[in-house]
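All remarks here apply to the structure that follows.
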2 protein chains.
Amino acid sequence: MNARRRSHDRTETIMQTALDLALEVGYAKLSMEAVAARAGVGKDTIYRRWPSKALLFLDAVLSSRTQGLEHPDTGDIVADLRQVMTRACDLLGRPPWGPLYQDLIGEAQHNPEVAAALNERFIQPQAADTLARIKAAQEQGQLAPDFDLDLAFELLSGPLYFRLLITHEPLTPAYIDRVLQAVFAGMGPRPQP
Amino acid sequence: MNARRRSHDRTETIMQTALDLALEVGYAKLSMEAVAARAGVGKDTIYRRWPSKALLFLDAVLSSRTQGLEHPDTGDIVADLRQVMTRACDLLGRPPWGPLYQDLIGEAQHNPEVAAALNERFIQPQAADTLARIKAAQEQGQLAPDFDLDLAFELLSGPLYFRLLITHEPLTPAYIDRVLQAVFAGMGPRPQP
DNA sequence: AGCCATACGGGACGCCCCGTCCCGTTTTCT
DNA sequence: AGAAAACGGGACGGGGCGTCCCGTATGGCT
């Protein structure tokens with residue numbers, strides 16, 4: 001009974017220590033030895049819980065509050081999306097957690113287990129939530145019936161991830177507004193009449 | 001005189017060997033020892049040319065034909081963009097070079113030198129070329145005067161990179177068409193009259 | 001309360017590989 | 001032909017992942 005408690009405590013301690021160290025030195029220089037030492041724990045105790053350094057890191061980053069990113073429904077679809085996108089960028093797009101999220105995605109590029117877990121535990125739920133909110137807006141008549149719902153999430157997220165991962169430009173509220181404006185107010189051709 | 005030639009030959013050989021090995025075992029398992037051995041070269045000879053494994057890999061991937069991605073100008077902006085996007089996806093979005101490009105971007109997440117070089121040598125030129133083509137279309141009256149030119153490249157590329165790096169879904173011509181359709185035909189709200 | 005299984009901390013170990021150094025040799029330029 | 005540079009090969013230091021082992025302690029079971 002209390003065993004579970006103790007075990008859970010140690011699991012928490014290890015994840016928190018890994019997160020602390022990652023924030024200090026980055027994922028690339030994060031070592032299991034250092035985590036074990038600072039957590040006051042044997043390496044076996046870590047490897048009994050996670051099969052690799054990468055998956056420990058994933059757990060540490062994701063379980064560190066990726067909550068609070070659910071969409072509200074105020075009736076204004078653009079305002080609701082802006083709020084969630086802003087929160088997401090504040091959380092994952094800049095220090096302290098931004099670099100860790102970048103490293104996590106970097107690791108996912110050559111580690112299928114990390115890629116799958118990241119998708120399953122964060123990306124997919126987020127996409128589903130966005131999709132549901134947009135669908136509601138469409139049913140309320142705020143969007144055209146032929147609005148490409150499945151594409152919307154990618155059109156909104158893609159540019160943000162592009163800046164985060166490729167050009168490494170800052171994710172400002174102004175940029176979020178430009179993306180929203182483009183997707184929802186249209187960038188279509190308007191040949192002057 | 002012939003020294004340059006010989007030196008250049010060896011540089012070519014090393015890059016090609018690195019590329020071959022990377023295609024066989026992936027960047028994560030690529031070792032400088034293996035490159036040196038297969039190329040019949042001492043490790044010093046490699047490190048005399050590149051300061052690190054990561055930058056050798058970047059050179060190997062980028063110099064391996066990232067050409068042929070310039071925009072034509074047939075007068076039809078959407079068709080021209082579709083052609084370039086299709087070629088880019090065929091080249092960088094699937095085997096054999098897709099995984100290497102993914103690894104390169106992954107490495108860039110925790111290696112500022114790689115990130116900077118990737119931007120300078122590939123992303124920025126590509127963006128500039130796209131921007132120029134779109135600007136020409138605007139001046140020809142195919143696009144509205146207030147079309148957000150700077151954003152366009154990111155709106156078009158972002159979703160493709162999102163699929164490549166995050167969800168790892170295939171980059172099909174159909175998807176490219178959906179993105180083009182959304183950006184240029186507009187996804188804006190059309191409350192029924 | 002006492003016992004046993006399990007988890008534990010700590011440390012040693014094998015393995016791999018990056019990047020540097022060195023040496024004897026070949027190649028190139030003068 | 002002779003000096004200077006580049007070269008191949010191999011040894012080396014350093015670091016870290018993941019495994020193994022051992023003596024200990026902690027908690028569940030009777």
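Every chain is numbered from 1, with letters handed out A, B, ... down the list of sequences.
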Practice item. Please list all pairs passing the ring pair (Phe, Tyr, Trp, His ring centres under 6.0 Å) test where one or both residues lie in residues 32-53 of chain B, with sequence neighbours left out. Key: none
Exercise for review: Specify the residues of residues 12-22 of chain B, ordered by number, for which at least one heavy atom lies under 4.0 angstrom from an atom of DNA chain C.
Suggested key: none
Check your understanding: How would you list, by chain and number, every residue that makes a side chain to side chain contact (heavy atoms under 4.5 Å, CB included) with A:Ala115, sequence neighbours excluded?
Key -> A:Ala108, B:His168
Could you pull out all donor-acceptor pairs under 3.5 Å where a side-chain atom in residues 30-37 of chain B meets a protein atom, sequence neighbours excluded?
from	atom 1	to	atom 2	distance (Å)
B:Ser31	OG	B:Ala34	N	3.1
B:Glu33	OE2	B:Lys43	NZ	3.1

Tabulate protein N/O versus nucleotide N/O from nucleotides 8-10 of chain D, keeping only pairs under 3.5 Å, one per line.
from	atom 1	to	atom 2	distance (Å)
D:dG8	OP1	B:Arg10	NH1	3.0
D:dG8	OP1	B:Gly40	O	3.2
D:dG8	OP2	B:Gly42	N	3.1
D:dG8	OP2	B:Thr45	OG1	2.6

Practice item. Using whole Å, report how far CG of B:Asp9 lies from C1' of D:dA6. Key: 15 Å
**Study point:** A:Gln83: side-chain hydrogen bond (donor to acceptor under 3.5 Å, both in side chains) partners, not counting sequence neighbours
**Key:** none
Point to revise | Separation of D:dC7 P from B:Ile46 CD1 (nearest whole Å) | key: 11 Å
**Study point:** Residue A:Gln124 excluded, over 12 heavy atoms near CD under 6.0 Å
**Key:** yes
Donor-acceptor contacts under 3.5 Å from residues 150-166 of chain B side chains, at least two apart:
from	atom 1	to	atom 2	distance (Å)
B:Glu154	OE1	A:Tyr175	OH	2.9
B:Glu154	OE2	A:Arg163	NE	3.0
B:Ser157	OG	B:Phe153	O	2.9
B:Tyr161	OH	B:Tyr101	OH	2.7
B:Arg163	NE	A:Glu154	OE2	3.0
B:Arg163	NH1	B:Pro170	O	3.4

Check your understanding: With sequence neighbours excluded, what pairs up with B:Asp90 under the side-chain hydrogen bond (donor to acceptor under 3.5 Å, both in side chains) test?
Key -> B:Arg94
Exercise for review: Please list, chain by chain and in numerical order, all residues satisfying salt bridge (charged side-chain N to carboxylate O under 4.0 Å, His left out) with A:Arg87, sequence neighbours excluded.
Suggested key: none
Check your understanding: Nearest-Å distance, CH2 (A:Trp50) to C1' (D:dC17)?
Key -> 17 Å
Review point. Looking at residues at least two apart in the chain, or sitting in another chain, which of them share a side chain to side chain contact (heavy atoms under 4.5 Å, CB included) with B:Val84?
Key: B:His71, B:Pro72, B:Gln126
**Study point:** Neighbour count above 12 (heavy atom, 6.0 Å) for B:Glu113 CD
**Key:** no
Revision key, fill the gap. B:Phe57 atom CZ is separated from C:dC18 atom C1', nearest whole Å, by 16 Å
Check your understanding: Think A:Arg38 has a side-chain N or O under 4.0 angstrom from the OP1 or OP2 of C:dG9?
Key -> no
Point to revise | side-chain hydrogen bond (donor to acceptor under 3.5 Å, both in side chains) partners for B:Gln16, two or more places apart | key: B:Asp20
With the criterion being N/O to N/O and under 3.5 Å, what pairs connect the protein with nucleotides 14-17 of chain C, and how long is each?
none

